[in-house]
Amino acid sequence: MHDLRAISALFQMRADFVEAQAFGSGHINDTYCAWYDQAGLPIRYIHQRINSQVFTNAVHVMENVSRVTRHALDRLLADGHPEAHRRTLTCIPALDGKPYAIDKDGNLWRTYPFIERARGYDEVESNEQAYQAARAFGEFQKLTADLGGERLHETIPDFHNTPQRLIHLETAIQRDSAGRAAALQAEIAFARARAADCSRVTDLLASGEIPERVTHNDTKLNNVLLDETTAEGICVIDLDTTMPGCALYDFGDMVRTAAPTTREDDTELQEIGVRLDRFESLVRGYLSTATFLNQAERDNLAFSGKLLTLECGIRFLTDYLNGDTYFKIKRPHHNLDRCRNQFAFVRALEANMEAMEQIVAKVER
Ligand code: ADP
Ligand code: GN1
Ligand code: MG
């Protein structure tokens with residue numbers, strides 16, 4: 001646990017620090033929720049330490065985040081939105097005015113107001129939630145489309161370059177630094193057998209049939225906060241990977257996290273299936289705001305869920321082979337469990353691909 005009182009002192013809080021606890025179930029950053037007393041009123045903030053092993057240029061991350069959130073706020077204020085500061089993350093400035101602060105150990109921290117009366121879900125509970133989440137991520141893509149200015153930094157190069165992810169897997173197999181490869185022949189064969197799937201979207205991007213867009217790139221369900229009473233998708237969070245990408249990466253990751261019958265790390269593999277009703281809600285929600293998609297993007301909406309699930313499974317497998325250096329784990333074989341779960345969901349998606357294509361066609365009619 002870091003000294004959150006000391007971290008708090010690096011920012012222009014205008015409130016008195018009371019206490020802080022670790023918060024959320026993200027796999028990457030260290031997130032804390034801190035209570036403050038603001039002239040007699042209890043109020044919460046999020047303090048987050050950026051994972052500098054994952055984001056090697058954390059200043060670039062914050063330059064992107066501060067541009068995107070500033071743009072979002074300007075738009076909301078221009079529209080006269082009554083709760084503009086609840087609809088976008090906003091960076092609390094550090095003492096020097098920057099949107100981040102560096103602590104005595106060289107860690108980079110940022111602070112956001114805590115978005116109240118809303119929450120992120122690790123598992124979808126209703127079709128309405130799926131619809132709202134997809135709608136909000138579509139709206140977010142619309143917002144970033146007119147950002148203007150220079151191209152955003154690529155905070156993790158080749159983040160969703162799936163063929164590259166497969167190459168990293170092969171490297172990890174060869175190195176076998178944790179001595180685990182021999183026991184993973186079934187998982188390795190599963191990934192290798194799907195090499196052609198891995199390059200489908202990168203090929204469409206290379207040929208120009210699918211355009212590059214500014215996308216969120218980490219649209220898992222718990223990265224959008226839904227209003228506790230109305231379920232409306234109110235604030236997209238975790239903007240570290242917002243950068244040039246492909247709309248299908250965002251839709252695909254929603255399918256990966258909102259359409260399975262189980263959670264990302266459940267080990268009851270025989271129970272993993274596709275909730276087609278959830279899938280339909282995602283398509284409806286996303287297309288209600290992502291009205292800018294071209295035909296090639298629309299044609300690959302169903303496939304994108306399989307691609308992103310396969311890619312994520314490959315990443316968990318690679319990390320397991322490397323000795324669990326990237327994703328936070330809570331038990332010894334967590335990454336292997338996650339990989340098996342993702343590959344089981346890939347199989348379920350394959351079995352349901354035709355039904356999903358039909359749903360997309362039905363919604364588009
Ligand atoms: P990670 O990259 O580790 O997933 P996130 O930025 O997604 O980090 O934050 C982790 C969790 O903290 C989120 O899933 C969400 O529950 C919570 N969280 C983050 N920012 C806020 C905020 N401003 N208000 C409320 N909850 C937040
Ligand atoms: C990580 O940061 P978080 O927990 O929202 C990861 C995503 C993976 C996801 C798998 C920067 O997301 O790419 O899809 O875990 N984020 C990064 O659950 O690698
Ligand atoms: Mg997150």
Side-chain angles (χ1 to χ4, degrees), residues 20-35 43-56 58 61-62 64-65 69 72 85-92 109-123 133 137 154-162 165 168 215-228 234-243 245 249-250 252-258 260 263-266 305 307-319 325-330 334-335 337-339 341-342 345:
Q21 305 96 27
F23 192 79
S25 51
H27 295 346
I28 303 294
N29 296 308
D30 292 341
T31 304
Y32 298 89
C33 166
W35 279 104
I43 184 170
R44 291 195 272 185
Y45 286 89
I46 289 281
H47 295 299
Q48 235 176 6
R49 186 183 76 94
I50 301 190
N51 181 329
S52 58
Q53 258 165 292
V54 167
F55 296 102
T56 47
V61 170
M62 289 316 293
N64 283 0
V65 169
T69 52
H85 288 81
R86 192 169 168 256
R87 301 285 169 145
T88 173
L89 291 177
T90 42
C91 300
I92 301 294
W109 290 84
R110 61 183 165 211
T111 299
Y112 299 126
F114 191 99
I115 309 291
E116 297 288 353
R117 303 186 314 282
R119 42 171 289 226
Y121 294 81
D122 290 331
E123 196 173 11
F137 281 125
E154 282 191 51
T155 50
I156 302 181
D158 290 325
F159 189 56
H160 286 305
N161 184 335
T162 321
R165 295 288 186 185
H168 290 164
T215 47
H216 181 283
N217 294 306
D218 189 2
T219 56
K220 78 193 225 192
L221 189 72
N222 65 17
N223 286 332
V224 58
L225 304 180
L226 308 183
D227 187 284
E228 272 172 7
I234 56 150
C235 187
V236 169
I237 62 167
D238 204 347
L239 308 178
D240 303 336
T241 52
T242 301
M243 60 181 161
Y249 301 152
D250 283 3
D253 211 51
M254 294 180 224
V255 176
R256 180 182 80 78
T257 54
R263 286 173 181 238
E264 190 185 64
D265 55 1
D266 271 353
L307 177 69
L308 271 283
T309 311
L310 177 61
E311 181 190 278
C312 202
I314 290 171
R315 292 175 63 196
F316 288 140
L317 181 58
T318 306
D319 197 31
T325 57
Y326 187 95
F327 296 105
K328 289 186 181 179
I329 53 166
K330 295 194 177 124
H334 206 163
N335 274 320
D337 290 345
R338 288 168 173 155
C339 159
N341 172 300
Q342 297 293 288
F345 191 52

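Each residue takes its place number in the sequence, starting with 1. In listed order, ligands and their atoms are each counted from 1.
Here the side chain of Asn51 pairs a donor or acceptor atom with the backbone of Ile28 at under 3.5 angstrom. A donor-acceptor pair is defined here as one N or O able to donate and one able to accept, closer than 3.5 Å; such a pair exists between the side chain of Thr219 and the backbone of Asp250. Remark: the backbone N or O of Glu228 is not paired with any side-chain donor or acceptor of Arg119 at under 3.5 angstrom. A donor-acceptor pair under 3.5 Å links the side-chain atoms of Asn341 to the main chain of Glu264, judged by distance alone.
Protein heavy atom in closest approach to atom 22 (C) of ligand 1: Ile46 CG1, 3.5 Å. Distance from atom 16 (O) of ligand 1 to its nearest protein heavy atom, with residue and atom name: Phe23 CE2, 4.0 Å. The nearest heavy-atom contact from the protein to atom 11 (C) of ligand 1 is Gly24 CA, 3.9 Å.
His85 is not listed as a side-chain neighbour of Pro113, based on a closest heavy-atom distance of 4.5 Å or more.
Using a 4.0 Å cut-off between charged nitrogen and carboxylate oxygen, Asp337 and Lys330 do not count as a salt-bridge pair.
The proximity of Asn223 to ligand 1, defined as any non-hydrogen pair under 4.0 Å, is limited to the side chain. Of all the heavy atoms of Asp218, none lies under 4.0 Å from any atom of ligand 1, so neither backbone nor side chain is involved. Contact annotation for Ile28 and ligand 1: heavy atoms of both the backbone and the side chain come within less than 4.0 Å of the ligand.
Within the structure, ligand 1 has Pro113 among the residues with a heavy atom less than 4.0 angstrom away. The shell of residues lying under 4.0 angstrom from ligand 1, judged by heavy atoms, includes Gln48.
Contact atoms of ligand 1 toward Asn222: 14 (O) (distance under 4.0 Å to a heavy atom of the residue). For ligand 1, the atoms sitting less than 4.0 Å from at least one non-hydrogen atom of Ile237 are 13 (C), 15 (C), 18 (N), 19 (C), numbered in the order shown with element in parentheses. Every atom of ligand 1 is numbered from 1 in the order shown, and the set under 4.0 Å from a heavy atom of Leu89 is 23 (N).
Among the candidates Asp319, Asp265, Thr318, the single residue satisfying the side chain to side chain donor-acceptor pair (under 3.5 Å) test with Asn335 is Asp319. None of Asn64, Asp240, Thr56 except one satisfies the side chain to side chain contact (heavy atoms under 4.5 Å, CB included) rule with Thr155; the exception is Asn64.
A distance limit of 4.0 angstrom between heavy atoms and ligand 2 selects the residues Gly26, His27, Ile28, Phe55, Phe159, Asp218, Lys220, Asn223, Asp238, Thr241, Arg256, Glu264, Cys312, Arg315, Phe316, Tyr326, Phe327.
For ligand 1, the polar-atom distance check against Ile115 finds a nitrogen or oxygen pair separated by under 3.5 Å. Inclusion of Asn29 in the set of residues having an N or O under 3.5 Å from an N or O of ligand 1 is warranted.
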| Full working for side chain to side chain donor-acceptor pair (under 3.5 Å) between Ser25 and Asp122 | CA-CA 8 Å; Ser25 51; Asp122 290 331; 2.9 Å; yes

| Stepwise side chain to side chain contact (heavy atoms under 4.5 Å, CB included) check, Val255 with Leu308 | CA-CA 8 Å; Val255 176; Leu308 271 283; over 6 Å; no

| said: Run Tyr249 and Phe159 through ring-ring contact (aromatic ring centres under 6.0 Å, His included) and show every step you take. | reply: CA-CA 10 Å; Tyr249 301 152; Phe159 189 56; 8.9 Å; no

| task | I would like to know whether Arg315 and Gln342 meet side chain to side chain donor-acceptor pair (under 3.5 Å); could you show each step before the answer? | result | CA-CA 10 Å; Arg315 292 175 63 196; Gln342 297 293 288; over 6 Å; no

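Nearest heavy atom pair, residue Arg338 against residue Phe316, reads CB-CD1, 3.4 Å. For His216 against Thr241, the heavy-atom pair with the smallest separation is O-OG1, 2.8 Å.
Among Thr241, Asp238, Thr31, the residue whose heavy atom sits closest to atom 4 (O) of ligand 1 is Asp238.
Residue contacts to the Mg ion (ligand 3): Asp238 brings an N, O or S atom closer than 2.8 Å. Inclusion of Asn222 in the first shell of the Mg ion (ligand 3) is not supported: no N, O or S atom falls under 2.8 Å.
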